[in-house]
Structure formats: structure tokens, C-alpha cells
Amino acid sequence: MPKPAKSPGMLFIFITVLLDIVGMGILIPITPQLVAQFVGGDLSDASRFYGPSIALYTAMQFMCAPMLGALSDRFGRKPILLLSLLGTALAYLMTAFAPNLWCLYAARMLGGMAGASMTVATAYIADVSSPENRAQNFGMLGAAFGIGFIIGPALGGMLGHFSLRLPFLVSAAVSLINFTYGLFGLPESHRLENRRAFTWAKANPLSFVPMLRKYPQIMGVVATFILVGLAQQCQQSNWVLYTTLRFNWSPIETGASLAVAGICLALVQGGLIRVILPRLGEKRAILYGLALLAVSMMLFGFATRGWMMYAVTIVSSVAAIAGPAAQAIISRQVGPEEQGAIQGSLTSLMSLTGVVGPIVANQLFATFTAAAAPIRVPGVAFFLAALLVGLSLVNMIRYFSKQPQAAVAPQPAQV
């Protein structure tokens with residue numbers, strides 16, 4: 001069988017991933033206000049119900065990602081990707097016309113199931129890539145993430161200025177256009193001779209647990225990933241709630257602030273890291289990055305003017321140097337034959353923070369911003385985030401203090 005054409009497939013995957021991320025970003029500036037309309041209250045009341053809407057999406061994405069991947073191994077990448085696009089479009093339409101909160105929750109669950117197709121998109125890239133261009137093609141995936149997180153919030157804020165439902169209608173239309181393009185223009189990448197039977201074992205979302213247990217020497221760093229992931233979820237799930245309540249920002253203003261955050265992060269990840277990491281080294285990059293992130297979270301919580309959020313955002317984006325350094329430490333502790341599996345396990349584990357973090361952080365926000373609150377602390381979620389990052393910093397200091405003993409040959413433990 002001839003090898004599938006690369007250009008149409010890669011363009012489709014790039015657009016699909018871009019639209020997925022844009023769609024996620026579009027929701028951020030407007031969903032809290034939509035939830036507030038459903039519950040008939042203010043943002044403090046809405047925050048109790050907004051957190052579960054985020055958690056439901058992430059939980060379904062976590063549960064369905066291995067299943068969609070296994071189904072694509074059996075039936076091919078193209079049908080699963082196309083079904084996911086239809087599911088995404090339907091989820092947007094359900095949200096646009098949702099009459100109540102429960103319909104919104106159902107739409108979020110469907111959106112999470114469809115959004116789990118990122119696993120299939122990654123497999124498609126692996127199918128059509130040669131060893132020479134594999135890194136370049138996966139770089140396109142990273143570029144789609146970065147562009148999506150810049151465009152999505154800005155677009156959601158602008159469209160939400162006219163109607164809170166309009167962004168979902170636009171997203172649904174774009175998803176359907178991409179579905180049509182994929183239906184007629186996307187070549188199948190997974191050859192028939194490479195298909196394998198579907199089994200529930202391959203669809204198990206908790207399959208990462210045994211993998212992590214094989215490498216106890218990395219668990220100290222993994223703990224830091226979990227704590228920082230929870231902290232970032234506290235920040236992201238409360239950003240619109242906090243800035244709207246504290247500074248009376250409109251959807252346009254919150255969308256613009258998130259777009260600026262995306263630009264800053266892209267600049268750091270795309271360029272500044274390459275300059276800073278070689279000079280600092282991995283250990284100092286992690287410690288300085290975590291310290292800077294903890295301080296930034298505190299400053300967000302204490303901000304009294306809107307411009308301060310922008311100033312702290314610029315500074316806090318530099319803290320992103322810690323992530324790649326920690327990834328490098330983990331990669332050296334794992335054998336070359338299991339690098340992909342360990343990174344996938346970390347991704348699965350981190351996605352669970354998106355289930356727990358928003359619920360806890362938004363409940364705290366609701367408790368400490370309610371009219372009957374004994375003490376009013378709008379920035380409480382940021383203070384919790386600062387505490388979590390502080391704990392991760394202490395954890396890494398302890399890890400590095402034991403590094404001479406921990407930095408042994410990366411042999412997996414017997415389980």
C-alpha cells in the first residue's frame with residue numbers, strides 16, 4: 001500500500017488541534033457569566049458550579065483518551081478523528097442553546113469525550129512522519145497549542161461582548177467546516193496490516209500507574225509536577241472570576257489578558273528557555289522557577305489594580321523554565337525504550353489535576369467572596385496556589401539534597 005500523502009494530513013491535524021485549543025480558550029472568558037445566568041446569582045454563586053463544568057470536561061477527556069487511541073488502532077485514525085469533530089461541533093451547539101446548567105454540563109462532558117482525540121492526532125503524526133521529520137511535525141503540534149491559547153481567549157472575549165452564546169456557534173461552524181475538509185481530503189494513515197484488535201486493557205485510563213511505579217527514583221519530581229499542576233489549575237479556573245469581581249473586567253478584557261499570558265509563555269518557551277537553561281543549569285532553573293511562581297501567585301492574590309495582573313503575568317511567565325528542566329531530569333532516569341510511555345503517564349497524571357483543582361479552588365472562591373463570608377478574600381485561590389508551589393519548592397530542595405544517592409543508574413524497580 002502506498003504511503004499516505006503527508007501535506008493534506010498534517011494540515012488537517014494542525015487545523016484540528018488548533019481548533020480544539022481555540023475552542024477550549026474561547027470558553028474561558030465567557031463561561032462563568034453563562035453559568036451565572038443559569039444559577040440566577042452573582043459570580044460568587046456561579047463559581048460553585050463553574051468548577052464542576054471544568055472538572056467534567058477534563059475527567060471525560062482523561063477517561064476517553066486511551067479508548068479513542070485504542071479504537072483508532074482498530075478502525076483507523078480518520079474515522080475516529082471525524083467522529084470527534086462531529087462530537088465537538090455538537091457539544092458547541094448544545095452549549096449555545098443550553099436552557100439550563102445540566103445541559104451545559106452534558107455539553108461539557110461530550111466536549112471532553114471529543115477533545116480526547118488529541119491522542120489520535122498524535123498517533124496520526126507518528127504514522128505519517130519519517131525519522132527525519134518527526135520532530136518537526138510534532139513541533140507543529142506544539143505550535144498549534146501555542147497559537148490556540150493566544151487566539152482562543154481573545155476571540156471568546158470579543159465575540160462574548162456581543163452575546164455569550166455567539167462564540168459557541170462560531171466554533172461549531174468552524175468544526176463542521178473542518179469535518180467536511182477531513183471527510184474528503186484526509187488520507188488514512190493507519191495501514192490495514194498494522195491494525196490490532198480493541199481490548200479494554202488498552203483503553204484503561206489508569207494504565208499509567210504501573211509505569212510510574214517502575215521508576216521510584218523519579219517520584220520526587222513527579223510529586224512536584226502534581227503540586228504545580230494543582231496550583232496552575234487554581235490560577236486558570238479562577239482567573240476570570242477573580243478579575244471580573246475585583247477589577248470589573250469585561251469578557252474582552254479578560255480575553256485580552258489571557259492572550260497576553262499566552263504570548264508571554266510562547267516567548268519564554270520558544271526562546272528564553274534556550275538562553276537561560278544552559279546558564280543556570282537544571283537544578284537552579286527548577287528552584288528559581290518555582291520560587292518565582294510562588295511569589296507571582298501571591299502577587300496575583302494581592303493585586304489591587306488591573307495593570308498589576310499584566311505586570312505579574314510577564315514576570316511569572318519566566319517561571320516556565322522549571323518545567324523543561326524537570327522533564328530533563330525525569331528523562332535521564334528512564335530507559336530509552338520507555339521514554340514515550342513515561343511522558344504519556346505524566347500527561348495522564350497531570351490531567352487529573354484538572355479534575356481536582358478547579359473544584360477546590362472555585363469552592364474556596366465562593367466561600368470567601370460570598371456576602372455572608374466572615375472574611376472577604378477574593379484572591380484565596382491564588383494564595384492556595386502559592387502554598388502548593390511553595391510545597392513543591394521544599395520538595396525539590398529535599399530531592400536535590402538526596403541527589404547523590406538518588407542519581408544512580410536508571411534501572412526500573414521490580415514490581
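- Here the closest non-hydrogen pair linking Ser237 and Pro358 is OG-CA, 3.6 Å.
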Check the pair Val295 / Val315 against side-chain contact (heavy atoms from CB on, under 4.5 Å), numbers first and verdict last.
-> CA-CA 10 Å; Val295 171; Val315 175; over 6 Å; no

Taking distance alone, no hydrogens or angles, what donor-acceptor pairs closer than 3.5 Å link side-chain atoms of residues 222-229 to residues at least two apart or in another chain?
residue	atom	partner	partner atom	Å
Thr224	OG1	Ser392	O	3.4
Thr224	OG1	Asn395	ND2	2.9

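- Here Thr95 pairs with Leu34, Leu104, Ala107, Phe168 under the side chain to side chain contact (heavy atoms under 4.5 Å, CB included) rule; sequence neighbours left out.
- For Thr88, there are no side-chain hydrogen bond (donor to acceptor under 3.5 Å, both in side chains) partners, not counting sequence neighbours.
- Applying the side-chain hydrogen bond (donor to acceptor under 3.5 Å, both in side chains) rule to Thr369 yields the partners Ser44; only residues at least two apart in sequence or on another chain are considered.
- Screening residues 153-178 for side chain to side chain donor-acceptor pair (under 3.5 Å), with sequence neighbours left out, gives Thr16-Asn178.
- A 4.5 Å side-chain heavy-atom check between Leu93 and Leu169 finds at least one atom pair inside the cut-off.
- The aromatic rings of Phe247 and Tyr242 lie perpendicular to each other, with more than 60° between the two planes, well past the 30° mark.
- Every residue two or more places apart in sequence or in another chain that forms a side chain to side chain contact (heavy atoms under 4.5 Å, CB included) with Leu18 is listed here: Phe14, Val22, Ala144, Ile147.
- Residues Gln236 and Gln232 are in side-chain contact: their nearest non-hydrogen atoms beyond the backbone lie under 4.5 Å apart.
- Counting heavy-atom neighbours within 6.0 Å of Met113 CE, excluding the residue itself, gives a total of 12 or less.
- Proximity of Met297 to Val312: side-chain heavy atoms (C-beta onward) are nowhere separated by under 4.5 Å.
- Nearest heavy atoms, Phe365 versus Pro378: CD1-O, 3.5 Å.
- With sequence neighbours excluded, the residues satisfying side-chain hydrogen bond (donor to acceptor under 3.5 Å, both in side chains) with Ser257 are Trp239.
- Side-chain contact between Ile26 and Ile151 is absent, with no heavy atoms from C-beta onward closer than 4.5 Å.
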Which is it for Phe400 and Leu287 under the side-chain contact (heavy atoms from CB on, under 4.5 Å) test, yes or no, and what are the steps along the way?
-> CA-CA 10 Å; Phe400 287 129; Leu287 297 181; 4.1 Å; yes

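- Phe382 is not listed as a side-chain neighbour of Leu299, based on a closest heavy-atom distance of 4.5 Å or more.
- For Leu43, the side chain to side chain contact (heavy atoms under 4.5 Å, CB included) criterion is met by Pro32, Leu241, Thr244, not counting sequence neighbours.
- Residue pairs meeting the salt bridge (Lys or Arg N to Asp or Glu O under 4.0 Å) criterion with at least one member in residues 275-285, sequence neighbours excluded, are Glu282-Arg332.
- Pairs of residues two or more places apart, or lying in two chains, that qualify as side chain to side chain donor-acceptor pair (under 3.5 Å) and include a residue from residues 47-66 are Arg48-Gln363.
- Inter-residue side-chain proximity for Leu110 and Met94 is flagged as met; some heavy-atom pair is nearer than 4.5 Å.
- Listed by chain and residue number, nothing satisfies the side-chain hydrogen bond (donor to acceptor under 3.5 Å, both in side chains) test with Ser317 (two or more places apart in sequence, or in another chain).
- Across all their heavy atoms, Thr353 and Gln233 have their closest contact at O-CG, 3.4 Å.
- Remark: the backbone N or O of Ser72 is not paired with any side-chain donor or acceptor of Lys78 at under 3.5 angstrom.
- Using a 4.5 Å heavy-atom threshold, the side chains of Ile329 and Tyr399 count as touching.
- When the ring pair (Phe, Tyr, Trp, His ring centres under 6.0 Å) test is applied to Phe383, the partners found at least two apart in sequence or on another chain are Phe302.
- Phe62 places none of its side-chain heavy atoms less than 4.5 Å from the side chain of Val355.
- Taking both residues in full, the closest heavy atoms of Ala231 and Leu388 are given as N-CD1, 3.8 Å, listed atom of the first, atom of the second, then distance.
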